[in-house]
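Values below: all heavy atoms of this structure, side chains included; hydrogens, waters and symmetry mates excluded. Numbers restart at 1 for each chain; the letters A, B, ... are given by sequence-line order, proteins then strands.
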Protein chains: 2
Amino acid sequence: MFVSKSCSYGIRSVAYLSGYPQGKYVPIRDISNDLNISYHFLTKILQMLTANNVLISSRGAGGGVALAREASSITLYDLIIAIDGDELFTGCLLRLPGCGTKTPCPVHQEWDVARGKVNHFCCHTSVTELHQHVLLLSDNTLSAP
Amino acid sequence: MFVSKSCSYGIRSVAYLSGYPQGKYVPIRDISNDLNISYHFLTKILQMLTANNVLISSRGAGGGVALAREASSITLYDLIIAIDGDELFTGCLLRLPGCGTKTPCPVHQEWDVARGKVNHFCCHTSVTELHQHVLLLSDNTLSAP
DNA sequence: GTAATAAAAGACTCTTTTATCTTAAATTAA
DNA sequence: TTAATTTAAGATAAAAGAGTCTTTTATTAC
Ligand code: SF4
Ligand code: SF4
């Protein structure tokens, strides 16, 4: 598993928000309904994104969360860092502690290359590219009775 | 996180075993002592590897676990598949269910390439290359009082 | 000001993973 | 055969992740 479930929810939510203009507040309730994610759980996740300046939020009527900047400038990297931290991009496959730059093992450089490809993908993939797909897969009208 | 903690323990153990001749039984107790891994927990993990024909085991005096084949032919891929399953090699970064070949999203192909690099690395890295490193990092004589 | 709305915050439950402890079964040595 | 050794198996517990529920705080509409 590359990212946590929380992180997956965060990515889906921001991809969802990319369908709205930047700065347009959308209630978290709407997101949780449309994406079938627990409302209160999602609230906590999106709080991490507001704390990291990916989203902005507003309480009260007409409030919600909104993209803090242009959707095309928000990458998977930003979201993963905000929710899961940097382990995916800096961590060792072997999960050995205190390892890496100093006393690298014989395969470290190759591992760094492989991990770098994932890193590159995340840095160059913006949430806008996932918008349609997230909506499609969350569309529960297809499997309704 | 790429692999589970259990998987990390399994990889370290087989790298450790690669210091012994193939077929030579080593007590799990020795492995757990030298690598600082809980004995009973490690036992369960190594059972997964014997079930997957990576290791063989023998009970009783003089028994233990041993490499079922040449260490140089045991790759990270083998161990990850045996312990964590194939999610690392087949799963989606977004953890979206029912996704992939049919109705792929715009970034699927690029993701497939990035994931493929990790896959390639795991398939072409044998545990023998990690032997020294695993011993070095588990060496608690360095931090003894 | 009052009521309605919606995020923020905290307490709590459930599940999975990780870890520990106990008992059973198999193998070897004497 | 008896004792010692060592994996296998099962029960239990602790920790982390995921999800639910309630209360508080801020904002808007009236
Ligand atoms: S040196 Fe080896 S074990 Fe350490 S972080 Fe690099 S690849 Fe991992
Ligand atoms: S199509 Fe997109 S969301 Fe689906 S598995 Fe591929 S990269 Fe992931």
### Message
The side chain of A/Ser6 is closest to which nucleotide in this list: D/dA18, C/dA8, C/dA19?
### Response
D/dA18
### Message
On DNA chain D, compare the nucleotides closest to B/Gly62 and A/Ala61; which residue's is nearer the 5' end?
### Response
B/Gly62
#### Entry: d(CD, B/Glu87; P, C/dT16) in whole Å
13 Å
### Query
Rounded to the nearest Å, what distance is computed from the CE atom of residue B/Met48 to the C1' atom of nucleotide C/dT18?
11 Å
### Query
For the pair made of CG in A/Leu46 and C1' in C/dA8, what is the distance, rounded to whole Å?
12 Å
### Task
Over 60° means perpendicular and under 30° means parallel, so classify the ring planes of A/Phe41 and A/Tyr9, tilted if in between.
perpendicular
### Query
Relative to the 5' end of DNA chain D, which residue comes earlier, A/Ser38 or B/Arg29, by the nucleotide with the nearest heavy atom?
B/Arg29
## Note on the structure
Closest to the 5' end of DNA chain C, once A/Val65 and B/Ser4 are matched to their nearest nucleotides, is A/Val65
### Query
Side chains of B/Tyr16 and B/Asp34: do they bring a donor and an acceptor to under 3.5 Å?
yes
### Message
In this structure, how many angstroms lie between the P atom of C/dG10 and the NZ atom of A/Lys44, rounded?
### Response
9 Å
### Query
Is a donor-acceptor contact shorter than 3.5 angstrom present between the side chain of A/Arg59 and the base of D/dT27?
no
### Task
Would you indicate, yes or no, if D/dT6 has its OP1 or OP2 atom less than 4.0 angstrom from a side-chain nitrogen or oxygen of B/Ser58?
no
### Side-chain heavy-atom pair B/Thr125, B/Thr75 within 4.5 angstrom cut-off
no
### Query
Between A/Tyr77 and A/Phe89, is the ring centre distance below 6.0 Å?
yes
### Query
Are a donor atom and an acceptor atom from the side chains of B/Ser6 and B/Ser4 found within less than 3.5 Å of each other?
no
#### Entry: B/His40 side chain, from C-beta outward: closest of D/dT7, C/dT20, C/dA9
C/dT20
### Query
Between B/Tyr39 (OH) and C/dT18 (P), how many Å, whole number?
20 Å
### Message
Rounded to whole Å, how long is the line connecting atom OH of B/Tyr25 with atom C1' of D/dT6?
### Response
12 Å
### Task
Would you mind reading off the distance between A/Phe41 atom CZ and C/dG10 atom P, rounded to a whole angstrom?
17 Å
### Query
Do the side chain of A/Lys5 and the base of D/dG19 come within less than 3.5 angstrom through a donor-acceptor pair of N or O atoms?
no
### Task
For A/Gln47 and C/dA6, give me the distance from atom CD to atom P, rounded to whole Å.
16 Å
